[in-house]
Student: 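I'd like to ask you about the structure that follows.
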Amino acid sequence: MSFTIATSLDEALASIAAGARPIAGGSDLVVGARQGKFDLPAELVAIDRIESLATIDVGADETSIGSGVTHSRLMEDGVIVDNFTAIADAAALVGSPSTRNVGTIGGNVMNSSPAMDTGAPLVVLGAEAELTTSSGRRRVGLDELWTGPGQHSAAADELCTALLLPNRPANSGSAYVRLEYRRAMEIAVVGAAAAITLDGDNIDSIRVALTAVAPTIIEVAGLDSLVGRPLDDASLAEIAEAASGQATPISDLRASDAYRRHTIGVMARRAAEAAARRASGETIAVPVNRALGIGAAS
Amino acid sequence: MSDKHAIQLTVNGVPYDVTVDQSQNLSGALRNGTGLTGTKEGCDDCECGACMVLLDGSPVNSCSYLAVQAQGRDITTVEGLADGDDLHPLQRNILEHGGVQCGFCTPGMLMSARALLDRNPNPSNEEIRIGLSGNLCRCTGYARILEAVEATAVELG
């Protein structure tokens with residue numbers, strides 16, 4: 001048994017190479033262990049005091065979000081709210097203030113839940129995960145990283161150190177909406193993220209990704225036909241139909257598969273509408289769920 | 001190797017030397033290791049908020065936070081609110097407004113409210129609801145707790 005509090009990335013990577021599991025806020029690891037889902041790993045290295053993992057760096061071409069950035073920060077950080085708004089929408093919906101204070105984007109990504117809130121926003125914003133070992137680092141697309149519910153393709157000695165996002169062109173907007181039955185401590189029934197760039201009134205690019213309707217977060221395929229067209233009722237109907245058609249949801253205590261298949265279309269449509277409104281310069285406060293009135297009345 | 005760890009926890013400004021298992025949660029270490037039993041453990045699943053403490057000023061569910069990971073952090077528990085026999089205005093107001101019935105959720109409610117007001121001295125009703133959204137109460141129906149927080153914000157103005 002060992003527990004180390006790392007203060008540098010090199011120290012953490014050495015511990016991980018020697019077999020330790022990283023722990024940031026512990027909001028998945030400790031909760032899961034206490035629920036009896038698995039034993040708490042015997043060798044742990046705390047990575048929540050490594051300053052270099054808690055930075056958001058805006059470069060010329062891309063923005064790096066350190067894996068240790070908490071949800072509390074993501075929902076309020078100016079860079080994220082202004083440029084990668086769907087991530088802020090998602091972070092603001094995670095758990096409660098205390099969950100958001102300890103939970104990190106790196107932990108959310110590597111926990112690899114198909115119901116994770118930051119996943120669909122990262123996908124539509126073109127994010128790659130930076131995986132680092134003592135001997136080097138690589139970038140991996142999220143579709144390659146996530147291999148199933150709670151499963152990912154990273155090696156045991158690789159630490160997710162950042163999420164790398166291409167900077168957004170002008171006239172872009174993004175949004176994440178989630179179907180929820182209550183406004184706190186909720187897990188997505190279904191959710192959808194959209195990122196849209198406009199050319200005048202027409203769509204220049206559009207990506208839509210879906211939460212909790214497949215073994216992993218999935219991106220909706222076949223939306224290229226919308227490019228050059230306005231986001232009108234016909235376009236929105238196509239997005240909803242594609243989302244519902246490509247979803248392969250399960251039934252569980254939160255919803256039936258049929259309900260999920262229907263509502264994911266509604267959520268995809270609402271996400272696209274909100275993303276387009278933001279792309280056209282309208283400010284919709286984070287999280288967009290509140291502006292749209294989704295969730296139980298307060 | 002033993003899984004026992006001799007650690008020091010700084011609670012309400014006072015250092016406590018405690019020995020804990022690696023898997024010991026912070027709420028248990030506080031209650032059994034320091035004798036400060038104000039922090040309650042309800043769901044043990046990060047859902048109910050009865051165990052809320054502040055770590056470096058931010059609310060954290062201590063039931064699901066490892067005690068060993070709290071080393072070097074400033075921990076504030078409900079015992080750290082009052083000044084001797086003088087209750088913190090949040091404590092006084094939650095009593096005067098009838099926001100306490102069985103009392104089990106109260107320490108956690110107070111800590112979330114304290115963190116909220118430290119960060120946002122003039123919260124809207126909606127902001128108070130969000131600030132307390134990780135705390136469940138089975139008795140009061142919440143309205144009187146919200147009134148107590150609003151009254152405290154006005155009082156501390």
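Throughout, a chain's letter reflects where its sequence line sits, starting with A, and its residues are numbered from 1. Side chains included, hydrogens not; waters and symmetry mates left out as well; all remaining heavy atoms used.
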Student: Check whether any side-chain N or O of Gln22(B) sits under 3.5 Å from a backbone N or O of Ser2(A) as a donor-acceptor pair, and report yes or no.
Tutor: yes
Student: What distance do Gln35(A) atom CD and Asp44(B) atom CG have between them, rounded to the nearest 0.5 Å?
Tutor: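 CG of Asp44(B) is found 9.0 Å from CD of Gln35(A).
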Student: Quick check for you: among Gly134(B), Ser112(B), Pro59(B), which has the greatest number of heavy-atom pairs under 4.5 Å with chain A?
Tutor: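 Most heavy-atom pairs under 4.5 Å with chain A: Pro59(B).
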Student: Kindly compute the distance separating CE (Met185(A)) from CG (Asp45(B)), expressed to the nearest 0.5 Å.
Tutor: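 CG of Asp45(B) is found 8.0 Å from CE of Met185(A).
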Student: Any chance you could lay out the salt bridge (Lys or Arg N to Asp or Glu O under 4.0 Å) test for Glu127(B) and Arg290(A), step after step, and finish with the verdict?
Tutor: CA-CA 13 Å; Glu127(B) 287 168 334; Arg290(A) 300 294 169 261; over 6 Å; no
Student: Between Asn101(A) (side chain only) and Ser58(B) (backbone N and O only), is there a donor and an acceptor less than 3.5 Å apart?
Tutor: no
Student: How far does OG of Ser96(A) sit from CE of Met52(B), to the nearest 0.5 angstrom?
Tutor: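 So the gap between those two atoms works out to 5.5 Å.
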Student: What part of Asn25(B) gets within 4.5 angstrom of chain A, counting heavy atoms only: side chain, backbone, both, or neither?
Tutor: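 It is both, since atoms from each part get that close.
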Student: Which residues, numbered in order, of residues 85-106 of chain B come under 4.5 angstrom of chain A by heavy-atom distance?
Tutor: none
Student: Where on Ile130(B) is there a heavy atom nearer than 4.5 Å to chain A: the side chain, the backbone, both, or neither?
Tutor: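 Both backbone and side chain of Ile130(B) come within 4.5 Å of chain A.
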Student: Rounded to the nearest 0.5 Å, how far apart are CD1 of Ile7(B) and CZ of Phe3(A)?
Tutor: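 Answer rounded to 0.5 Å: 9.0 Å.
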Student: Report, in residue-number order, which members of residues 60-84 of chain B are under 4.5 Å from chain A by heavy-atom distance.
Tutor: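 Answer by number: Val60(B), Asn61(B), Cys63(B), Ser64(B), Tyr65(B), Leu66(B), Val68(B), Gln69(B), Ala70(B), Gln71(B), Gly72(B), Arg73(B).
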Student: Going by residue number, which parts of residues 7-34 of chain A are within reach of chain B, meaning a heavy-atom gap below 4.5 Å?
Tutor: Ile23(A), Ala24(A), Gly25(A), Gly26(A), Val30(A), Val31(A), Arg34(A)
Student: At a heavy-atom separation under 4.5 Å, does Asp48(A) approach chain B through its side chain, its backbone, both, or neither?
Tutor: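 Both backbone and side chain of Asp48(A) come within 4.5 Å of chain B.
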Student: Quick one: does Arg183(A)'s side chain get under 4.5 Å of Ser133(B)'s, heavy atoms only?
Tutor: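 They are not in contact (no side-chain heavy atoms under 4.5 Å apart), so the answer is no.
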Student: What residues of residues 66-84 of chain A sit under 4.5 Å from chain B when you count only heavy atoms?
Tutor: Glu76(A)
